[in-house]
Amino acid sequence: MMSTSPSGKRGRTRWLIVVAAGTALLLSGCGVADPESPDASAAAVRIVLPIEPTTLEACDSTLSSTGVVIRSNVTEPLIERNPTTGELEPLLATSWEATGETDWTFTLRDDVKFHDGTSFTAEAAAFAIDRAVNLDLGCDVEGQMFGDPNLTLTVVDDTTLVVTTENPDPVLPLRLSFIEIGAPIDAGAKVREPVGTGPYSIKEWTTGIKIVLAVNTDYWGEAPAYQSAEYQWRSEGTVRAAMVTGGEADLALSLSADDGAGDLGLNYPNNETVALRFSGDIAPLNDIRVRQAINFAIDRDGITGSLYEGASEPAEQLVPPGVVGYNPSIKPWEYDLDRAKQLIAAARADGVPVDDKITIVARSDQFPKIAQMTEVLQEQLGQAGLNIEVKVAETSVGLQYQVRPFILNEGAIAMLIQHGNQAGDASFSVESYMTTSAAMSMFGTSTFDTLLADAAATTGEARQDAFADALAYEKEELVQFAYIARMSGVIGKSPTVDFEPNSLSGDELRLSEITRAGATESAR
């Protein structure tokens with residue numbers, strides 16, 4: 001029996017005997033299909049991505065390029081969030097409940113094995129959570145979903161796990177839904193290819209060419225429709241679209257409206273917000289007037305109407321409608337080039353080095369037409385009188401600007417980010433991008449940190465109001481961002497498959513939801 005404690009060295013584990021709590025938890029079953037049935041699988045489903053993943057490490061699955069391949073396919077979380085209803089649903093955990101002010105108790109499935117044949121137990125779940133949150137691996141899920149506080153993990157028995165937070169956390173189950181459970185392989189280093197419990201295992205990864213997943217014939221749940229999944233990647237959206245229209249691929253991700261998918265293009269709201277994130281402690285961006293000027297200089301209507309042909313809309317805050325904390329009273333910044341010039345002139349008069357270089361950094365292929373957007377932004381901000389350079393970097397380099405520890409020796413940075421709040425609660429956005437110590441925040445204030453911490457401790461209507469007020473405060477008092485556009489997604493879909501994209505599809509493409517067109521229910 002294992003308990004992982006945050007006391008002492010970070011990530012240190014100790015063993016102790018615990019007494020099983022007499023808590024009755026509601027169990028829910030899940031039928032198991034016969035994977036050997038001739039109707040249980042078909043040929044490979046072929047998916048073309050915009051970029052090759054840099055890793056398939058489970059604790060980095062909150063990176064879109066990683067998560068779109070492995071989440072709920074190779075690895076699985078204890079709990080899944082239904083993207084349509086927002087409800088949490090059981091997966092590797094059958095039930096959960098708060099059993100104390102800072103304790104949550106999870107009852108786990110007893111019929112699950114990892115791809116290597118070892119059993120999934122509460123000890124394995126504790127290992128995966130501890131590895132992702134408590135150790136110093138620099139896992140993306142830690143920075144995006146948990147931040148600095150550690151978790152104490154107590155294994156009561158093979159199917160009972162108690163998770164204890166340092167402070168009360170009303171949304172801990174939602175946070176844990178982003179931790180993919182991999183087999184206990186290596187606690188001290190990241191792995192390129194995880195061993196999970198999902199309906200598919202990793203069969204082949206030929207660098208630069210393709211990734212192949214093979215069906216897990218011992219999967220505990222319902223067998224998927226396809227025997228294997230093959231991922232390729234092409235940087236040009238027109239090429240990805242042509243692969244679908246030409247019959248070379250079944251699904252093409254991250255398309256734009258004019259990539260040529262035609263009737264095979266499916267539009268869907270992906271909840272992604274595109275914004276410039278400022279290094280607000282580096283001149284000239286350390287002056288709020290310069291950050292305000294950038295906001296006034298951006299023609300959001302022009303970008304969304306022309307560059308994306310109306311398939312997006314101007315953004316006014318980091319979280320989209322439908323997320324707890326979204327503030328409907330916040331409006332997009334007005335396009336006012338004269339006002340932008342006046343603010344820059346006022347800053348210059350006070351000795352601010354407004355002519356110093358500001359670099360717009362973008363990750364190549366993060367979303368459609370990202371290079372064109374950087375060019376438009378460079379032109380618009382240049383018209384306001386700022387010295388703007390552009391750097392479009394491949395993903396591994398771009399992440400060095402986006403995630404701590406940041407590159408800090410190149411002057412002021414305006415990082416072009418795309419953030420999607422798939423959790424449905426503003427805490428996951430602000431804890432990633434707005435607090436002073438957040439993994440992807442370059443500046444903040446103690447006052448704002450307190451506002452956000454107070455909001456995170458509330459529930460119900462008070463939580464909605466507190467986060468809404470905090471987001472309004474950020475826009476008026478801090479200006480950490482220039483929000484640009486709220487994007488819509490386009491997925492190319494072959495007539496040979498049935499699939500309905502949802503707000504998660506750009507980050508988590510669940511293969512179990514893809515079926516053969518015209519297949520009967522019994523054949524699925």
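What you see is a predicted model; the values in this text were computed from it and never measured.
In this structure the side chain of T164 never reaches within 4.5 angstrom of the side chain of L151, judged on heavy atoms. At a threshold of 4.5 Å between non-hydrogen side-chain atoms, the residues W233 and S65 do not count as touching. Put simply, the side chain of I211 reaches to within 4.5 Å of the side chain of P53, judged on heavy atoms. Looking at heavy atoms from C-beta onward, L416 lies out of side-chain contact with V361 at the 4.5 angstrom threshold. Looking at heavy atoms from C-beta onward, V69 lies in side-chain contact with L49 at the 4.5 angstrom threshold. With contacts defined as side-chain heavy-atom distances shorter than 4.5 Å, the pair E272/D507 qualifies.
With hydrogens and angles ignored, the 3.5 Å screen pairs a side-chain donor or acceptor of K190 with a backbone N or O of G138. At distances below 3.5 Å, not a single donor-acceptor pair connects side-chain atoms of N216 with backbone N or O atoms of Y200. Looking only at distances, a side-chain donor or acceptor of S432 sits under 3.5 Å from a matching main-chain atom of F428. With D103 contributing its side chain and T99 its backbone, the two residues share no donor-acceptor pair below 3.5 Å. With hydrogens and angles disregarded, a donor-acceptor distance shorter than 3.5 Å links the side chain of S279 to the backbone of I413. A donor-acceptor pair under 3.5 Å is absent between the side-chain atoms of S119 and the main chain of T121, judged by distance alone. Checked by atom type and distance alone, the side chain of Q232 never pairs as donor or acceptor with a backbone atom of I47 at under 3.5 Å. In this structure a side-chain-to-backbone donor-acceptor pair under 3.5 Å is present from R240 to S254. The backbone N or O of L318 lies less than 3.5 Å from a partner atom in the side chain of T273, making a donor-acceptor pair. Of the possible polar contacts, one joining the D60 side chain to the D140 backbone as a donor-acceptor pair under 3.5 Å is found.
Among all heavy-atom pairs drawn from N327 and A468, the shortest one is ND2-O, 2.8 Å. Of all the heavy atoms in V163 and L176, the pair that sits closest is CG2-CD1, 4.3 Å. In plain terms, the two heavy atoms of N150 and E166 that are nearest each other are N-OE2, 3.1 Å. The two residues A393 and V397 make their nearest non-hydrogen contact at CB-CG1, 3.8 Å. Contact between F499 and E513 at its shortest, heavy atoms only, is CD1-O, 3.8 Å.
In summary, D250 and K493 do not engage in a salt bridge, as defined by a charged side-chain N under 4.0 Å from a carboxylate O. Salt-bridge formation is detected for the pair D169/R175: a Lys NZ or Arg NE/NH1/NH2 atom is positioned less than 4.0 Å from an Asp or Glu carboxylate oxygen. For E316 and K475, the salt-bridge test fails: no basic side-chain N is under 4.0 Å from an acidic carboxylate O. We find that R131 and E57 are joined by a salt bridge, their nearest charged nitrogen and carboxylate oxygen being less than 4.0 Å apart. Checked for salt-bridge contact, E80 and R510 meet the test: a charged N lies under 4.0 Å from a carboxylate O. With salt bridges taken as basic N to acidic carboxylate O contacts below 4.0 Å, none links K210 and E52. Comment: R463 does not engage E461 in a salt bridge, judged by the lack of any side-chain N to carboxylate O separation of less than 4.0 angstrom.
If you take OG on S228 and CG on L213, they are separated by 8.5 Å, rounding to the nearest 0.5 Å. Note that the OG atom of S427 and the CG atom of L174 stand 7.0 Å from one another [nearest 0.5 Å]. In this structure, the separation between CD1 on I179 and OG1 on T75 is 11.5 Å, given to the nearest 0.5 Å. Note that CD1 of I129 is 13.0 Å distant from SG of C59, once rounded to the nearest 0.5 Å. In this structure, OG on S429 lies 10.0 Å from CD on Q317, to the nearest 0.5 angstrom. Interatomic distance, CG of N134 versus CD of E142, reported as 8.0 Å (0.5 Å rounding).
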Exercise. Can you check side chain to side chain contact (heavy atoms under 4.5 Å, CB included) on M434 and L478, steps first, answer last?
Worked result: CA-CA 10 Å; M434 292 184 174; L478 292 185; over 6 Å; no
For this session: Assess whether side chain to side chain contact (heavy atoms under 4.5 Å, CB included) is satisfied between Y226 and V497, documenting all intermediate values.
Result: CA-CA 11 Å; Y226 290 91; V497 300; 3.1 Å; yes
Exercise. What's the verdict on side chain to side chain contact (heavy atoms under 4.5 Å, CB included) for Q144 and M440, showing C-alpha distance, side-chain angles and the deciding distance?
Worked result: CA-CA 8 Å; Q144 290 219 38; M440 289 177 283; 3.4 Å; yes
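Ring planes of F106 and W104: tilted class, angle from 30 to 60°.
Geometrically, R277 engages F406 in a cation-pi contact defined by less than 6.0 Å to the ring centre and at most 45° from the axis.
N82 and E87 share no donor-acceptor pair across their side chains, judged by distance under 3.5 Å alone. Under 3.5 Å, the side chains of E394 and S364 contain no donor-acceptor pair of N or O atoms.
Listed by chain and number, the residues in a ring pair (Phe, Tyr, Trp, His ring centres under 6.0 Å) with F448 are Y473 (sequence neighbours excluded). Residues satisfying the side chain to side chain contact (heavy atoms under 4.5 Å, CB included) criterion with T206, sequence neighbours excluded, are E204, I209.
Applying the side-chain hydrogen bond (donor to acceptor under 3.5 Å, both in side chains) definition to pairs two or more places apart or across chains, those involving residues 441-450 are T436-D449.
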